[in-house]
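Have a look at the structure below, then the notes.
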There are 2 protein chains.
Amino acid sequence: MKTPICDQYGIEFPLFAFSHCRDVVAAVTNAGGFGVLGGTAYSPDQLEQELAWIDSEVKGKPYGVDIIVPAKFEGKGENVSTTQLADRIPGEFREFVTELLAGHDIPVEEKKPRLGGSGLSGDTGEQLLEVALRHPIKLMANALGVPPDYMIEAGRSSGVPVAALVGAKEHALKQVKAGVDLIIAQGTEAGGHCGEVSTLVLVPEVLDALASVGSDVPVLAAGGIVTGKQMAACVAMGAAGAWTGSVWLTTEEAETAPATVKKMLAASSRDTIRSTGRTGKPARQLVSDWTKAWAPTPGGHPTLPLPLQNMLVEPQLRRIDKLAATGHEGAQALATYFVGQGVGLMNKVKPAREVVLEFIEDYVTAAERLSGSLDD
Amino acid sequence: MKTPICDQYGIEFPLFAFSHCRDVVAAVTNAGGFGVLGGTAYSPDQLEQELAWIDSEVKGKPYGVDIIVPAKFEGKGENVSTTQLADRIPGEFREFVTELLAGHDIPVEEKKPRLGGSGLSGDTGEQLLEVALRHPIKLMANALGVPPDYMIEAGRSSGVPVAALVGAKEHALKQVKAGVDLIIAQGTEAGGHCGEVSTLVLVPEVLDALASVGSDVPVLAAGGIVTGKQMAACVAMGAAGAWTGSVWLTTEEAETAPATVKKMLAASSRDTIRSTGRTGKPARQLVSDWTKAWAPTPGGHPTLPLPLQNMLVEPQLRRIDKLAATGHEGAQALATYFVGQGVGLMNKVKPAREVVLEFIEDYVTAAERLSGSLDD
């Protein structure tokens with residue numbers, strides 16, 4: 001394939017793969033796509049190690065880093081310590097979590113609030129970016145609002161393009177104005193943080209909005225895309241390529257918790273929910289006893305703002321994953337992870353490389369099917 | 001264009017247009033698509049008149065009729081009168097509606113509960129179908145569950161294909177088993193009654209599910225489709241064509257209330273909500289003071305089951321439309337109608353024929369864009 005974005009990013013196929021797993025990132029890049037490491041959950045030292053490993057694997061082929069720097073979060077600009085932030089979690093919320101676990105035969109185990117590691121505090125982004133820029137990254141991406149000034153400036157001075165995820169055309173216009181080089185229009189069917197507009201509507205709406213202000217910033221489609229035919233659908237609508245995440249969670253390389261992989265393979269597209277129960281912001285995830293306990297499930301407990309909800313629950317969710325892997329039934333009922341509606345099409349564990357090759361084949365078939373429909 | 005479904009239905013372009021307006025149905029059919037009249041809100045006599053008019057306009061070109069026969073509804077099989085059903089509406093609900101109107105400077109005006117005309121009672125379907133089958137219809141469609149036996153049997157004996165709308169792959173499998181000839185996979189972005197899965201995920205998921213049971217029943221894509229490029233996207237994924245509804249609401253021919261048309265032209269894709277506030281079942285509609293007053297808007301009033309909610313509110317909503325047209329501000333704030341997220345792409349009033357021609361042009365451009373991406 002040869003599209004403008006392929007030339008620009010030095011890739012053969014405009015499939016961008018977001019993953020927290022370095023093996024997936026390297027495998028996708030080596031298969032002709034573009035791997036993007038989700039760096040937010042790492043400490044700067046850990047990120048350095050991960051990127052050094054990727055460099056040795058991809059040998060100059062292009063990859064990127066995604067660092068979530070929320071534009072808004074509890075404690076922003078207040079210079080508060082992790083402990084001080086943790087003190088803002090009401091006791092009643094801690095008790096609710098304790099009861100929820102106890103109701104699933106999981107005894108209380110007080111966990112230190114993790115802030116840096118919880119990934120959504122917003123204050124480690126600059127350090128992580130400094131680490132990333134010591135490596136030959138070809139893209140830095142941001143979610144949850146307009147990237148901070150230091151990211152836009154780092155992009156300008158380093159020549160590394162800056163990408164931003166948006167869930168509404170209004171946000172796309174704001175991002176382009178702020179100087180972003182690549183828009184990722186992410187529909188509500190996406191795993192993780194997402195808006196309410198579907199990919200099929202959002203992609204043309206964002207493209208129209210950008211055209212109306214004379215912007216030619218390329219737009220990747222995201223949200224629900226786990227096959228080449230869906231990617232082809234988005235390119236037919238004018239997207240420059242696809243940004244994917246969920247599909248890599250059930251690859252051989254991924255570090256997804258085994259009980260969760262099992263759930264994902266069995267899930268239909270209706271087994272996800274857009275819930276604030278994990279981070280405090282609406283994020284799509286697998287339905288489980290965990291998501292059922294929190295709003296917006298009717299009768300569910302209210303949730304805290306970002307990053308307090310995340311600080312409260314993430315350590316427990318990691319504990320749940322470990323217990324679930326040992327066969328603990330209560331933990332298996334609670335286990336959940338971010339995943340999009342595309343989970344309904346993810347039915348087999350495969351190597352990441354095979355996923356890329358299947359994407360390409362499926363994409364070509366879809367393109368031929370569509371052009372075939374024009375024949376008289 | 002030449003696709004199997006074009007041959008089967010005798011059309012030039014596999015664009016199916018659902019509308020309550022006979023002028024839209026005739027215009028789309030005459031432009032090479034396939035118009036489908038929403039017949040549920042008519043009495044049998046009215047439907048007879050509408051279809052006779054369409055016959056005289058389309059002169060043998062194909063069109064169809066859509067009759068909603070809900071599989072489940074309050075009072076089903078009980079042989080209750082409209083008055084008896086109306087008695088099941090709690091007084092507190094009537095008072096809430098009165099207060100909601102009063103809060104928008106609309107004085108109380110008791111309205112008789114309309115059942116047949118409210119369209120969702122489920123008990124006029126058979127009579128409407130009998131009327132429809134006296135005309136040369138080429139499709140009968142049903143929503144809200146597996147079509148009743150009499151529809152499937154009427155399809156068999158008359159040779160008229162039966163179509164069913166589904167929002168989940170499980171429903172598609174059930175429908176095909178029941179003998180349906182055409183599946184309409186309708187995503188959550190659709191106007192009116194809809195499920196939770198997006199079109200981009202639902203279409204391939206339904207196609208995979210049907211293939212897994214060896215079914216070759218064709219699948220139309222629906223939900224959010226208001227442009228040819230979105231239709232092309234769905235055909236690339238394997239859909240046999242598109243089923244549309246919202247896009248016809250802002251055509252010159254449509255009988256949409258003027259204040260609502262104005263709102264639709266100004267709306268972005270985020271100005272809709274999947275609410276039970278109009279029919280008692282989740283249906284996507286324009287956000288307004290009306291939808292904000294009812295669940296699932298946080299703090300909104302609970303709603304009644306189908307058809308009680310519809311009986312309670314539909315006469316008032318029609319009154320609101322009339323008042324809004326006179327410039328009444330309170331009524332304008334309340335006015336709403338079923339519409340999908342594609343409303344964000346509907347920005348101009350056009351003749352229905354022009355919409356069809358633009359669809360075709362946009363479809364061809366999208367197909368060329370996708371096949372162009374394959375060139376080396």
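Because the structure is predicted, anything quoted here is derived from the model rather than measured. In what follows, chains are A, B, ... by sequence order, proteins preceding strands, each numbered from 1. Just so you know, these numbers use all the heavy atoms, side chains as well, and skip hydrogens, waters and symmetry mates.
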| task | Enter the distance from A/Thr365:OG1 to B/Met237:CE here, rounded to the nearest 0.5 Å. | result | 14.5 Å
| Options A/Ala209, A/Gly195, A/Ala233, A/Ser268, ranked by heavy-atom pairs under 4.5 Å with chain B, top entry | A/Ala233
| query | Taking all non-hydrogen atoms of both residues, which atom of B/Val201 and which atom of A/Gly342 are closest, and how far apart? | reply | CG2-N, 4.0 Å
| Rounded to the nearest 0.5 Å, what separation is found between the CD atom of A/Glu196 and the OG1 atom of B/Thr272? | 8.0 Å
| Is it the case that more than 12 heavy atoms not belonging to A/Glu361 sit under 6.0 Å from its CD atom? | no
| field | Derivation of the side chain to side chain contact (heavy atoms under 4.5 Å, CB included) call for B/Glu170 and A/Arg270 | value | CA-CA 10 Å; B/Glu170 295 82 0; A/Arg270 292 199 293 171; 3.4 Å; yes
| request: Could you note down all residue pairs passing side chain to side chain donor-acceptor pair (under 3.5 Å) where residues 205-217 of chain A supplies at least one of them, sequence neighbours left out? | output: A/Glu205-B/Ser269
| For chain A, which residues from residues 290-304 of chain B lie under 4.5 Å away (heavy-atom distances)? | none
| Nearest 0.5 Å, what's the CG-OH distance between A/Leu370 and B/Tyr363? | 5.0 Å
| message | Quick check for you: among A/Ser371, A/Gly340, A/Gly344, which has the greatest number of heavy-atom pairs under 4.5 Å with chain B? | response | A/Gly344
| Checking A/Gln341 side chain against B/Ser198 main chain: does a donor-acceptor pair fall under 3.5 Å? | yes
Enumerate, atom names and distances included, each donor-acceptor pair closer than 3.5 Å involving a side-chain atom of residues 223-232 of chain A, sequence neighbours excluded.
| from | atom 1 | to | atom 2 | distance (Å) |
| --- | --- | --- | --- | --- |
| A/Thr227 | OG1 | A/Gln230 | N | 3.3 |
| A/Thr227 | OG1 | A/Gln230 | OE1 | 2.9 |
| A/Lys229 | NZ | A/Asp362 | OD1 | 3.4 |
| A/Lys229 | NZ | A/Asp362 | OD2 | 3.3 |
| A/Gln230 | OE1 | A/Val226 | N | 2.9 |
| A/Gln230 | OE1 | A/Thr227 | N | 3.1 |
| A/Gln230 | NE2 | A/Gly224 | O | 2.9 |
| A/Gln230 | NE2 | B/Leu200 | O | 2.9 |

| remark: Listed by number, the residues in residues 4-14 of chain B that come under 4.5 Å of chain A (heavy atom to heavy atom) are none
